[in-house]
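Because the structure is predicted, anything quoted here is derived from the model rather than measured. Residue numbers run from 1 in the order of the sequence given.
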Amino acid sequence: MSKPFMDRLGIQTYCFRNFLEPQALIEKVLECGISNVELFDGHCGPDSDDAAGFLQQIADANITICATGAWTLTEDETRCRAIMEFATNAGCDTITADLRENSYPVVTRLASEYGMRIAIHNHGRKHRLGSVAALTKALDETGPEIGLCLDTAWMLDSGEDPVAVAARFKDRLYGIHIKDFVFNRAGHPEDVVIGTGNLALPDLMNLLTSFDYAGPVILEYEGDPDSPVPAIKECIQAMHACC
């Protein structure tokens, strides 16, 4: 894996969902030694009281917002436009999203207008767009404005190999959430440090390198919400071990 690839490593700020104030978020991100984030809408979005102020504090801390989401995008043009305006103001060109039925025409048109890449977030076996078959159909029905944000753990939940899925959709892979699960006997998932569960992390990194993947590379660890930094640091170390 190239050094520039690792320089793009970011964190989904949902990991810090118990630290909603901008300064608290900034401290946690910087404590991890990372300067890129995918901004969770619970931290900031078009409905925030002072979105501009929040974004300025993030910028002043030299943290780059490389994506935002995951947003629910519907056929409501006003709402979609507000989300894309927010992403533009945040300085990113990738929106991670759950696309609802009938949303494709509006989302495609606005994505083209704003120069955005819309990355569908798969969310497991119970999600409408959680399976490879559903994602294939969605991407067949849309153009290059819409692609995939592959959540590796939720793809495991769907019973698929995330490495094989990344290879299958490499031409429309616009984002990736590097996340790992183990499952109990009832099939319920639990977050673990990446590479210690069911994710073949070295294989995934080698694959992404093989086709010069250029999108956001986002770590996501949803465990330990009151103290997520130690596990996130372990995830970062696991990434570096694959270099």
Can you say whether the rings of H123 and H121 are parallel (under 30°), tilted (30 to 60°) or perpendicular (over 60°)?
tilted

Verify, without hydrogens or angle tests, whether T152 (side chain) and H177 (backbone) share a donor-acceptor contact under 3.5 angstrom.
yes

What distance do T142 atom OG1 and L99 atom CG have between them, rounded to the nearest 0.5 Å?
8.0 Å

Could you tell me whether the side chain of N122 reaches within less than 4.5 Å of the side chain of S158, counting heavy atoms only?
no

Any donor-acceptor N/O pair, S103 side chain to R100 backbone, under 3.5 Å
yes

Is there a side-chain contact between V229 and K28 in this structure, where contact means two heavy atoms from C-beta onward sitting under 4.5 Å apart?
yes

Donor-acceptor under 3.5 Å (R8 side chain, G215 main chain):
yes

Is atom CD of E21 surrounded by more than 12 heavy atoms (other residues, nucleotides or ligands) closer than 6.0 Å?
no

Can you give each donor-acceptor pair under 3.5 Å made by side-chain atoms of residues 162-170, sequence neighbours left out, with the distance rounded to 0.1 Å?
residue, atom, partner, partner atom, Å
R168, NH2, T136, OG1, 3.2

If you count the non-hydrogen atoms of other residues, nucleotides and ligands that lie under 6.0 Å from CD in E190, is the total more than 12?
no

Any side-chain to backbone donor/acceptor pair from T88 onto M84? Under 3.5 Å, distance only.
yes

Show me the pairs that pass salt bridge (Lys or Arg N to Asp or Glu O under 4.0 Å) and involve residues 148-166, at least two apart or across chains.
R125-D157

Salt-bridge criterion met for R109 and E77 (N-O under 4.0 Å):
yes

For residues 55-66, please give each side-chain donor-acceptor pair under 3.5 Å, one per line with the distance, not counting sequence neighbours.
residue, atom, partner, partner atom, Å
Q56, NE2, D60, OD1, 2.8

Using the salt bridge (charged side-chain N to carboxylate O under 4.0 Å, His left out) rule, take K179 and D191 through it: C-alpha gap first, then chi angles, then the decisive distance, then the call.
CA-CA 8 Å; K179 177 178 167 70; D191 279 74; 2.5 Å; yes

Is it true that a side-chain atom of N36 and a backbone atom of D7 form a donor plus acceptor pair closer than 3.5 Å?
yes

Return the SG to CD1 distance between C242 and I194, rounded to the nearest 0.5 Å.
7.0 Å

Classify the ring geometry of Y14 against F40: parallel below 30°, tilted from 30° to 60°, perpendicular beyond 60°.
perpendicular

I'd like to know if the side chain of Y114 reaches the main chain of R117, judged simply by a donor and an acceptor atom lying under 3.5 Å from each other, with no hydrogens or angles considered.
no

Check whether any side-chain heavy atom of D41 sits under 4.5 Å from a side-chain heavy atom of F86, and report yes or no.
no

